[in-house]
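Read the structure below first, then the notes.
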2 protein chains.
Amino acid sequence: MTYDRFDLAIMQALQRDGRLSNQALAERVGLSPSACSRRLDRLETTGAIEGYSARLSSQLLGYPVTVMVNITLAGQSEKQLAEFEAAVRRCPNVLVCFLMSGEYDYILRVAARDLQDFEHIHKTALSSLPHVAKMNSSFALRKITDRSATVPPIAPGGL
Amino acid sequence: MTYDRFDLAIMQALQRDGRLSNQALAERVGLSPSACSRRLDRLETTGAIEGYSARLSSQLLGYPVTVMVNITLAGQSEKQLAEFEAAVRRCPNVLVCFLMSGEYDYILRVAARDLQDFEHIHKTALSSLPHVAKMNSSFALRKITDRSATVPPIAPGGL
DNA sequence: GTTCCAACGCAAGGATCTTGCGCCGAGGCC
DNA sequence: GGCCTCGGCGCAAGATCCTTGCGTTGGAAC
């Protein structure tokens, strides 16, 4: 599947404002509403657009503390990984989790109400995740940027 | 500002599907469309909902490689931090960046087309960011979960 | 008991979405 | 070169959806 400059413009616009009306979107990318609607359909069907999310304020929702937690398991059998990952998915405080190469097996981004809440999560949820052998936490002091993907550069006359 | 169970339900629903029509949203949370629309207005105005984003497939857009990069600067004066952060914000391959406590000053999440592309970013964009003294990269092997926030638990009869 | 106010639902006017249709232009094939 | 095919465009209309005004209601404060 290949994306021309209209597709890329649509995705870029919707990444910035996912609730743009089809009409406003069409105007912005330079298409008629019908053509724009059909392209959007196609982008969603093919999976280029996986979905849409509201960006919620962790601050205002009462989770101002962001912690990055590195975790190493006792063993790396696929069974142990799968059990750990299933448990992680069930924990609402874990916003992000990747299996990693390098010194630690996983990196997690955890949202907490305050330090005491994090201590509680640390003890209750994280340490008791299956097979955890080593943990290392760092606190986020300031958010610089936080996007979910990058759109390839749009060549002006492009394809 | 305080959020009752309707507000929380609205935010939860829109985090899952940010393009839900107001009507579908109203139905799901158990309100009339007008009441729902007014609450949504309020959530956006007060900042609880900061905006909406399409979730784009980094895979399909040609950036299948995710790398976590830890960076320490030569010094931590506010001026050095500000210059570094301004440069980071201008780099489209840097999806996420936090100023951190602990061993490293910053953690970055970088999207790359492939290993060669990352090497290029590493050399060209990252190493040449102002004041960088130490860098450490780990590759993501698998994404377990990737949300942007967590909604407080909704007490069934709650406020 | 009364008052007040925030928030609800209903209804309607206006905006918006989507599907059918005809058309155009690029590319493939004689 | 000429023709054919087909993907993709814009236009138009029926259906859907959003929002604002209005009357009402329920709970809290006095």
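Bear in mind that the values here come from a model prediction, so they are computed numbers and not experimental data. Throughout, protein chains are lettered first and strands after them, A, B, ... in sequence-line order, and every chain is numbered starting at 1.
- A donor and an acceptor atom, one from each side chain of B:R55 and A:S148, are nowhere located under 3.5 Å apart.
- Remark: B:S137 OG to B:L108 CG distance equals 9.5 Å, nearest 0.5 Å.
- A donor-acceptor distance shorter than 3.5 angstrom exists from the side chain of B:D105 to the backbone of B:L73, with no hydrogens or angles considered.
- If you take CZ of B:R39 and P of D:dC18, they are 17 Å apart, rounded to a whole angstrom.
- B:R19 places its CZ atom 14 Å from the C1' atom of D:dC17, with the value rounded to the nearest Å.
- Considering only heavy atoms from C-beta on, A:L61 comes within 4.5 Å of B:P152 through its side chain.
- Between the side chain of A:R38 and the base of D:dG10 there is at least one donor-acceptor pair of N/O atoms closer than 3.5 Å.
- Atom pair A:F6:CZ and D:dG8:P shows a separation of 12 Å (rounding to whole Å applied).
- In the helix from C:dG1-D:dC30 to C:dC30-D:dG1, the terminal helix axes, each the rotation mapping four pairs' C1' atoms onto the next four within five end pairs, subtend 40°, rounded to 10°.
- Nucleic acid contact for B:S32: base, since at least one base atom lies under 4.0 Å from a heavy atom of the residue.
- Checking B:Q76, B:K79, B:E83 one by one against B:H131, the side-chain contact (heavy atoms from CB on, under 4.5 Å) holds for a single residue, B:E83.
- Residue-to-nucleotide proximity on DNA chain C shows that, of B:L31 and A:S34, the 5′-proximal contact is made by B:L31.
- Comment: B:R28 does not engage B:D17 in a salt bridge, judged by the lack of any side-chain N to carboxylate O separation of less than 4.0 angstrom.
- Taking the side chain as every heavy atom from C-beta outward, A:V29 and A:R39 never approach each other to under 4.5 Å.
- Listed for the A:R109 side chain is no donor-acceptor partner under 3.5 Å among the backbone atoms of A:M68.
- Rounded to whole Å, atom P of D:dG10 lies 13 Å from atom CD of A:E27.
- When DNA chain C is scanned 5' to 3' for any atom under 4.0 Å from a heavy atom of chain B, the first and last hits are C:dC8 to C:dC10.
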